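We number each residue from 1, following the sequence as shown. Just so you know, these numbers come straight off a predicted model, no measurement behind them. Remember, it's 1-based here, ligands and their atoms both numbered in the order they're listed.
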Amino acid sequence: MSGFTIIRIAVLLGILIIVGFTSAHQREYTRNWNQPLSTIIYPINADGRASTNKYIASLSQKNFASINQWGKREAARYDLDLSTPFNVILGEQINGLPPAWPENQNALTILLWGLRFRWWAYQNTPNSHKDITQVRMFVIYHEATEGKVLAHSLGMQKGLMGLVNAFADHRNNSQNNIVIAHELLHTVGAKDKYTPNGQPVYPDGYANSSRQPRHPQRYAEVMAGRIPLSPNRFIMADSLRTVQINSRTAKEINWIQ
Ligand SMILES: [Zn+2]
C-alpha cells in the first residue's frame with residue numbers, strides 16, 4: 001500500500017468517525033423532545049423554469065404552518081410534555097441540485113451517496129443554519145405537469161436531512177406538506193409502513209388498526225401516507241387534517257415507550 005493510499009484511508013476513516021459521533025449526538029438531542037425540533041425548508045428549483053422560481057418566490061412561512069399545527073395536534077393526542085414538537089421554518093432558496101441518487105443501489109453506493117449528500121448540504125447550507133441539531137429539508141420543486149411522476153423523497157436520521165420532490169403549484173401545498181411531515185419523521189427514527197405498490201401495511205400502516213369495521217379508515221397513518229378505504233383500495237390524504245401518527249410510529253420517534 002502506498003503512503004498516499006494510507007493517507008486516503010485514514011482521512012476517510014476520520015470522516016466516518018466524526019460523522020458517527022455527530023449522528024449519535026443528533027439522535028440523542030432530537031429524540032428527547034425537550035425542545036421543538038427545528039426544521040429549515042430549503043427550496044430548490046429543479047427545472048430552472050421561471051414559473052418554478054416564481055412559485056418559490058411566492059412561498060412564505062404560512063405555507064408550512066400546517067405542519068407545526070399538525071405536530072401540536074398529534075403531540076396532544078399522546079400527552080407529550082412538549083406542546084409544539086416541530087418548528088418548521090422557511091429558509092433561503094438554494095441554487096444547484098444535490099448529488100443524483102445512485103443508479104446501482106447497494107450498501108456501498110448508498111453509503112457513499114449519503115456522504116456526498118452530507119458534504120453537498122454542508123457546502124450549500126447558509127452559515128446561520130449550520131446548527132447540527134436542526135433538520136435540513138431540501139425541497140426540490142418541479143413544474144406541475146399532468147401525469148408527471150416525481151422521484152422518490154427521502155429522510156435520513158444520520159445527518160438530519162431530507163430530500164423532498166414536490167410540485168411547484170399552490171394547489172399541491174397541502175400534499176407537499178404531508179410528504180415533508182413524513183420525511184421529517186424519518187429523521188427522528190420513524191419507519192415506512194407501506195408496501196412497494198403504496199398499500200398501507202396492516203396493522204402498522206393504519207391510523208386506527210382496531211377500528212370496527214376496519215374499512216373505510218378515516219385517516220392515513222403518516223408513515224403510510226394513504227387512507228385505506230377497503231382491503232385493496234387506498235387514497236392519498238388531501239392534507240395533514242386527515243393524517244395521524246399511530247402508536248407504532250409514536251414509539252419509533254420516542255413519543256411513547
Ligand atoms: Zn418514507
Side-chain angles (χ1 to χ4, degrees), residues 23 26-27 30-31 37 39-44 46 64 66-68 70-71 74 85-86 88 98-103 105-107 109-111 113-114 117-118 121 134-142 148-167 172-209 217 219-228 234-255:
S23 300
Q26 287 173 330
R27 190 182 143 83
T30 56
R31 288 161 45 86
L37 180 62
T39 304
I40 318 277
I41 305 276
Y42 294 109
I44 297 173
F64 303 95
S66 69
I67 304 171
N68 298 336
W70 173 75
E74 291 303 288
F86 313 126
V88 178
W101 186 240
E103 275 178 30
Q105 291 153 26
N106 58 50
T109 59
I110 291 172
L111 172 78
W113 180 85
F117 178 39
R118 289 175 76 164
Q134 277 175 341
V135 176
R136 286 169 290 179
M137 194 64 71
F138 300 98
V139 184
I140 306 175
Y141 288 103
H142 306 252
K148 183 151 113 184
V149 179
L150 291 173
H152 205 70
S153 298
L154 62 98
M156 297 170 23
Q157 188 167 11
K158 291 202 171 105
L160 294 181
M161 306 196 305
L163 261 189
V164 169
N165 282 288
F167 285 125
N172 291 92
N173 286 356
S174 297
Q175 287 197 333
N176 290 346
N177 283 347
I178 298 178
V179 182
I180 293 169
H182 173 104
E183 305 309 338
L184 179 57
L185 262 58
H186 272 313
T187 71
V188 282
K191 306 265 189 307
D192 281 326
K193 296 174 176 66
Y194 58 88
T195 66
N197 71 355
Q199 181 162 13
V201 173
Y202 183 81
D204 288 354
Y206 279 55
N208 182 0
S209 59
Q217 292 272 316
Y219 292 89
E221 204 293 321
V222 63
M223 301 314 291
R226 289 184 162 86
I227 305 173
F234 40 91
I235 53 165
M236 276 286 292
D238 288 330
S239 75
L240 285 167
R241 269 193 290 274
T242 50
V243 175
Q244 287 187 337
I245 292 174
N246 71 10
S247 57
R248 178 85 201 178
T249 299
K251 277 193 192 109
E252 289 168 349
I253 64 173
N254 202 32
W255 276 12

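- Between the side chain of Gln105 and the backbone N or O of Ile110 there is no donor-acceptor pair closer than 3.5 Å.
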With a cut-off of 3.5 Å and sequence neighbours excluded, list every side-chain donor-acceptor pair involving residues 180-191.
{"from": "His182", "atom 1": "ND1", "to": "Val222", "atom 2": "O", "distance (Å)": "2.9"}
{"from": "His182", "atom 1": "NE2", "to": "His186", "atom 2": "NE2", "distance (Å)": "3.2"}
{"from": "His182", "atom 1": "NE2", "to": "Asp192", "atom 2": "OD1", "distance (Å)": "2.9"}
{"from": "Glu183", "atom 1": "OE1", "to": "Gly155", "atom 2": "N", "distance (Å)": "2.9"}
{"from": "His186", "atom 1": "ND1", "to": "Ala190", "atom 2": "O", "distance (Å)": "2.8"}
{"from": "His186", "atom 1": "NE2", "to": "Asp192", "atom 2": "OD1", "distance (Å)": "3.0"}
{"from": "Thr187", "atom 1": "OG1", "to": "Leu184", "atom 2": "O", "distance (Å)": "2.6"}

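- Rounding to the nearest 0.5 Å gives a distance of 13.5 Å between CD1 of Ile41 and CZ of Arg136.
- Relative ring orientation between Phe86 and Trp255 is described as parallel, the plane-to-plane angle staying below 30° on a 0-90° scale split at 30° and 60°.
- Near the Zn ion (ligand 1), less than 2.8 Å away, sit the protein N, O or S atoms His182 NE2, His186 NE2, Asp192 OD1.
- The structure places NE2 of His152 at 11.0 Å from CG of Leu163, a figure rounded to the nearest 0.5 Å.
- Not one N or O on the side chain of Asn246 forms a donor-acceptor pair closer than 3.5 Å with the backbone of Glu221.
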